[in-house]
Protein chains: 2
Amino acid sequence: MRVVIARCAARYTGRLSAHLPLATRAIMVKADGSVLLHSDGGSYKPLNWMSPPCTLRSSSVTEEAAERGVTEVWVVQHDKTDDRLEIELHEVLSDTEHELGVDPGLIKDGVEAHLQELLAAQITILGDGHTLVRREYMTAIGPVDILAKDGGGASVAVEIKRRGEIDGVEQLTRYLELMNRDPLLAPVQGVFAAQEIKPQARVLAEDRGIRCVLLDYEAMKGDIDLSDRLF
Amino acid sequence: MRVVIARCAARYTGRLSAHLPLATRAIMVKADGSVLLHSDGGSYKPLNWMSPPCTLRSSSVTEEAAERGVTEVWVVQHDKTDDRLEIELHEVLSDTEHELGVDPGLIKDGVEAHLQELLAAQITILGDGHTLVRREYMTAIGPVDILAKDGGGASVAVEIKRRGEIDGVEQLTRYLELMNRDPLLAPVQGVFAAQEIKPQARVLAEDRGIRCVLLDYEAMKGDIDLSDRLF
DNA sequence: CGCTTTATGTCGAAC
DNA sequence: GTTCGACGTAAAGCG
């Protein structure tokens, strides 16, 4: 990875045309040739960039550009599309390069999938007598996270989120509406299960007769680890 | 902006829990306190990050951590949520800081809105005798980019894209279907206008009786500049 | 300030 | 390879 701190201007053409006026920025050139132009604020999104696969070439500085103070021109051309990023370097304040090697990448621990797995394995969290029918129960509009039956044999549809917000309740509502039209399933009780449920989401869910269940991820994981150890 | 190249591991908790195993990475600390952890590949998105407003604190290294080779621990805590990023530094290979100043930011030239503006101002690009009815003509399912009338007074609905692909044709098709049910508008002719039209999109559009018009952005802009100069 | 729509979205998984 | 939906979506526009 090469990191250049420089006064620079840039121009991008591709899905849109845009330009960056002259200012001091951090330019990151990754091993795969991709380029990121960062300012000293804002979000994780660069001001301008080129995604791989792409090729960086140093282009000649025209006389006109040299007069404007340009010392170097980089052209980053995407290999498959006509996206192109041109960077005019006016003054390089720092230019360093480091060997980083391959990154093992981010490992997500608490995703919905894992919560689903844990809840499926401990379905009685929903209440005594509950039994799992199946995970990812398919409906015409998508899969319901968990389909279960309560102690009395009635269907229970569970929507799982890490953070329970209104859109999760809406999603479950759509599933319930559809499933309750199926005489083999109806009546279907809705359960909104999450590690954290926003007050607005809770109000909406309960207003619609959907039960809210808070999931304790650490406790659930601990129980599984414990049962693993017992077997 | 501070750029640190270091062997490090990280852990994020917030909307999800995730961790990064030990590896060499580039750590960017921006003036507003936000932190980006970049690997030497992938896209502009960091492996892990903390968005502003947030605060970076150096935390004490526990004895246990020191034994694992940790020399420094950074805790980046979001100021408004419970999002938190912890970075364990094992070996700092480089640590530099530069004053970048405020960035003027990216200026976009060729967005769809601008194309719409230009086409509205030069509506005869669609053909002699065409007149503009209005931009952003509202329908029940959303706004049509441009509604015009042709030389014979028949309605023309225009969908504008920078790059014309199939989903744009689908979008226009939905509008046309709806508008053709309105006796005050029908019959409505569809025009798919874009700087670039993908072959598949062109075939689909023409199969549905939708006319394709290529827009020359530079020429359109030039004409406006020219007319500006004349007035 | 909260809500909606857009994005050079990116990313991963199913088909 | 393409399409689809989720995302720590983020960011801009608007009432």
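By convention in this document, chain letters (A, B, ...) are assigned in the order of the sequence lines, proteins followed by strands, and residues within each chain are numbered from 1.
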State which residues pass side chain to side chain contact (heavy atoms under 4.5 Å, CB included) with [X]; sequence neighbours excluded, sorted by chain then number.
X: A:Val75; answer: A:Arg57, A:Ser59, A:Val73, A:Arg84, A:Glu86
X: B:Arg134; answer: B:Tyr137
X: A:Asn180; answer: A:Leu176, A:Ala186, A:Pro187, A:Val188

Open item on the list: Quick test of your reading of the model: are B:Arg25 and A:Asp103 salt-bridged, counting only N-O distances below 4.0 Å?
Closed with: yes
Open item on the list: Looking at A:Arg11 and A:Glu88, is there a salt bridge between them, counting it only when a charged N and a carboxylate O are closer than 4.0 Å?
Closed with: no
Please state how far atom [atom1] in [X] lies from atom [atom2] in [N], giving the value in whole angstrom units.
X: A:Arg174; N: D:dG5; atom1: CZ; atom2: P; value: 11 Å
X: A:Asp32; N: C:dT10; atom1: CG; atom2: P; value: 14 Å
X: A:Lys161; N: D:dT9; atom1: NZ; atom2: C1'; value: 13 Å
X: A:Leu106; N: D:dA6; atom1: CG; atom2: P; value: 20 Å
X: B:Leu36; N: D:dG8; atom1: CG; atom2: P; value: 15 Å
X: B:Leu47; N: D:dT9; atom1: CG; atom2: C1'; value: 17 Å
X: B:Glu159; N: C:dT6; atom1: CD; atom2: C1'; value: 14 Å
X: B:Asp145; N: C:dT5; atom1: CG; atom2: C1'; value: 14 Å

- [ ] For B:Leu85, answer base if it contacts any base atom (sugar-phosphate contacts may also be present), sugar-phosphate if it contacts only those atoms, and nothing otherwise; contact means non-hydrogen atoms under 4.0 Å.
- [x]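 Touches nothing.
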TODO: Classify the nucleic acid contact of A:Met50 as base, sugar-phosphate or nothing, counting any heavy atom under 4.0 Å across all strands shown.
DONE: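 Result for A:Met50 = nothing.
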TODO: Could I get the full list of side chain to side chain donor-acceptor pair (under 3.5 Å) partners for B:Asp95, not counting sequence neighbours?
DONE: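 B:Asp95 satisfies side chain to side chain donor-acceptor pair (under 3.5 Å) with B:Arg2 only.
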Hey, is the side chain of [X] poking within less than 4.0 Å of OP1 or OP2 on [N], counting only N and O atoms?
X: A:Trp49; N: C:dG9; answer: no
X: A:Ser51; N: C:dT10; answer: yes
X: A:Arg15; N: C:dT6; answer: no

Task: Candidate nucleotides D:dA6, D:dA10, C:dG9, ranked by approach to the side chain of A:Gln171 - the nearest - done: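 The closest nucleotide is D:dA6.
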Open item on the list: Rounding to an integer number of angstrom, what distance separates C:dA7 and D:dC7 when you compare their C1' atoms?
Closed with: 13 Å
Please report, to 0.1 Å, the donor-acceptor pairs under 3.5 Å made by any side chain of residues 34-42 of chain A, with sequence neighbours excluded.
| residue | atom | partner | partner atom | Å |
| --- | --- | --- | --- | --- |
| A:Ser34 | OG | A:Asp32 | OD1 | 2.6 |
| A:His38 | ND1 | B:Lys30 | NZ | 3.0 |
| A:Ser39 | OG | A:Gly41 | O | 3.2 |
| A:Asp40 | OD1 | B:Ala31 | N | 2.5 |
| A:Asp40 | OD2 | B:Met1 | N | 2.8 |

Open item on the list: Taking the nucleotide of DNA chain D with the nearest heavy atom to each, does A:Lys80 or B:Asp83 sit closer to the 5' end?
Closed with: A:Lys80
Within the sub-3.5 Å range, which N or O atoms of nucleotides 11-14 of chain C have a protein N or O partner, and how far apart are they?
| residue | atom | partner | partner atom | Å |
| --- | --- | --- | --- | --- |
| C:dC11 | OP1 | B:Ser43 | OG | 2.0 |
| C:dC11 | OP2 | B:Ser43 | OG | 3.2 |

